[in-house]
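Chain identifiers are assigned alphabetically (A, B, ...) following the order of the sequence lines, protein sequences preceding nucleic acid strands; residue numbering begins at 1 within each chain. What's counted below: heavy atoms across the whole structure, side chains too, no hydrogens, waters or symmetry copies.
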Amino acid sequence: MRGAAATLRHELIGLSGVLERNAYLVKRYVWWELAFFVWSLANTLTIVFIAKGIHAAGGKLDVDRATTTLLIGAVIWSYLGVVFEILTETVAWERWEGTIEYTFMAPLARPIHLIGMGLFAVVYGVLRTAVLFAVIAGFFSLSLGGANFVAALVVLAVASVSFIGIGMMTAVLPLISPEKGMQMGFIAQGILLVISGVYYSVSVLPQWMQWLSTISPATYALRGIRHAILDGYGVGAVWGDIWPLIVIGVIAIPLGLVIFGVGERHAKRHGKLKRSG
Amino acid sequence: MTAVEVHNLRKEFLRRDAERSGLRRRRRRVPALENVTFAIERGECVAILGQNGSGKSTLVRLLSTLLLHDGGSALVFGHDVFKEQRAVQRLVNRVSVEASFFKKMSSEENLSYAARFYGMTGAETRERIPMILDRVGFPARRRHEAMEHLSRGMQQKVSLARALLTSPVLLLLDEPTTGLDPRSKLEVQDFIREVWASHDATILLCTHDLAEAEALADRVGILDRGQLLCLEPVDELKERYRAETLEEAFFAATGREFEQEDEDAERGVFA
């Protein structure tokens with residue numbers, strides 16, 4: 001019992017180290033973080049203006065509702081990008097700095113290491129996304145009085161478990177392909193969003209894509225958050241979107257860990273676990 | 001007690017040929033280590049000499065749990081390096097030729113991050129980091145400076161501090177002084193000597209610096225093209241090869257001058 005407690009303490013200290021390091025890096029690269037935020041802002045604005053554009057071209061639509069729908073899609077895209085990017089940096093950034101060998105030979109359980117990266121990604125991603133959402137909503141003077149932000153956050157939190165699991169799967173790619181692995185993460189992110197109804201309802205997708213959308217956590221996250229913000233649904237009312245997220249999360253995390261483990265063993269066998277790849 | 005026991009250790013890497021066989025390039029296995037066998041007693045300092053590409057780094061990376069072997073066995077204080085990786089990781093730390101750090105982070109932040117993985121709390125690192133940096137002769141006023149602003153010698157001192165912060169019982173030094181100016185080199189060597197004398201540490205030093213090996217190690221081994229040709233005290237080594245100097249002994253053992261590059265360049269890609 002005492003041994004288990006000591007092991008748990010050791011792992012938690014290690015996890016705090018992962019969070020601490022990421023906080024140091026955000027602090028040290030704060031101007032780059034700001035530049036990246038401006039890029040996200042511009043990108044989101046480009047998408048959200050589409051609603052006004054359609055209206056100006058004679059299209060009949062509720063501009064505020066369409067703007068909010070697009071905004072939710074754009075910020076979730078941005079959030080997913082942050083989560084995947086930070087998880088992919090588990091390997092990519094360490095390799096770039098040359099610290100990968102020291103980190104991977106340290107006595108820290110890989111699940112704890114990856115969960116630490118995931119936790120930081122979620123906390124950082126939620127803060128960043130909230131600011132992005134607030135700035136754009138203010139820019140368009142969107143009326144969000146009826147929005148249930150608590151329910152939206154609950155959906156996002158539950159969805160994040162699945163996102164971390166999928167992020168773990170893509171995080172291993174730079175170990176297998178040092179040159180192109182990181183870009184493969186972007187492909188996974190793109191595929192996830194195209195089948196999940198990021199700027200449209202999944203009902204407009206071809207049947208086979210609709211089937212794929214049922215196994216994507218982003219489908220439920222987007223739908224649940226839209227219901228919570230646009231229609232003011234509470235947690236109970238969006239339970240239909242929450243329980244599939246729980247099921248996908250329960251599968252995605254262990255699967256992500258197994259896939260990362262297989263990739264790490266492959267890298268150790270073929271000598272790829274080193275700074276130069 | 002035996003600190004390191006390596007028996008018939010073998011590691012190969014796959015290498016793609018320039019020639020194609022149909023649409024695919026042929027692959028072949030290139031040996032990086034071939035049936036390497038040796039033992040290091042607790043508290044000993046052993047140097048492994050070898051040219052670039054001889055397999056020194058592969059050996060260090062195998063013992064650091066960063067590589068999986070293709071045959072043989074390796075034990076660190078009785079723990080199987082390939083089956084009990086966590087137990088081995090708690091006992092081992094290393095200093096490599098590149099002092100790798102997060103360049104924008106300060107020495108203190110880098111050390112703090114590394115120490116967490118070995119279970120050291122914030123309170124512990126706040127106390128120990130200044131002490132250990134002071135011990136390696138790192139100026140206190142530069143503790144908060146980004147690593148990228150430090151000289152290579154300074155960075156290597158922080159690298160030594162990082163390794164010692166976790167109190168490893170086996171310290172793997174992979175060319176720790178390569179590329180340093182003469183003064184920094186001597187400082188680092190002095191510090192290694194001091195650590196060895198004051199810590200209960202066993203040291204495996206892989207180097208291609210003959211004088212460093214002779215000055216620091218109890219026994220010296222010659223690793224050539226993945227094969228460990230010998231491992232004995234310097235005097236016995238010289239006697240065995242009827243050589244006046246370690247360089248002559250190396251030449252007698254390998255048939256090549258020490259400074260001569262290994263012609264088998266492909267080995268260098270991995271090892």
Result for side-chain contact (heavy atoms from CB on, under 4.5 Å) between A/K268 and one of B/Q85, B/R61, B/H69 points to B/Q85
In terms of heavy-atom contacts, B/Y113 and A/G17 come closest through CD1-O, 3.5 Å
### Message
Between A/E101 (side chain only) and B/L66 (backbone N and O only), is there a donor and an acceptor less than 3.5 Å apart?
### Response
no
State, without any angle test, whether B/S106 and A/Y24 hold a side-chain donor-acceptor pair at a distance under 3.5 Å. no
Does the B/R116 side chain pair with the main chain of A/G14, one donor and one acceptor, at a distance under 3.5 Å? no
Does B/E109 form a side chain to side chain contact (heavy atoms under 4.5 Å, CB included) with A/R28? I'd like the steps, not just the answer. CA-CA 11 Å; B/E109 289 168 344; A/R28 295 278 178 177; 3.1 Å; yes
Heavy-atom nearest pair, B/T65 first then A/F104, reads OG1-O, 4.5 Å
In this structure, NE2 of A/H10 is separated from OG1 of B/T121 (nearest 0.5 Å) by 11.5 Å
Taking every heavy atom of A/P107 against every heavy atom of B/Y118, the minimum-distance pair comes out as CD-CE2, 3.2 Å
From the list B/A87, B/S96, B/A114, the residue making the most non-hydrogen contacts under 4.5 Å with chain A is B/S96
Checked B/R86, B/E98, B/K11 vs chain A; the most non-hydrogen pairs under 4.5 Å come from B/R86
Answer key: most heavy-atom pairs under 4.5 Å with chain A among B/K103, B/E12, B/M120, B/R90 is B/K103
Taking every heavy atom of B/N93 against every heavy atom of A/M105, the minimum-distance pair comes out as CA-CE, 3.9 Å
Value for CD (A/E94) from CZ (B/F102), rounded to nearest 0.5 Å, stands at 4.0 Å
Are B/D70 and A/R269 close enough that some pair of their side-chain heavy atoms sits under 4.5 Å apart? yes
Notebook entry, point to check: Do the non-hydrogen side-chain atoms of B/S159 and A/Y102 ever get within less than 4.5 Å of each other?
Noted result: yes
Using distance alone, with no hydrogens and no angle criterion, decide if B/S100 and A/E97 have a side-chain donor and acceptor under 3.5 Å apart. no
Heavy-atom nearest pair, B/F117 first then A/V18, reads CE1-CG2, 3.7 Å
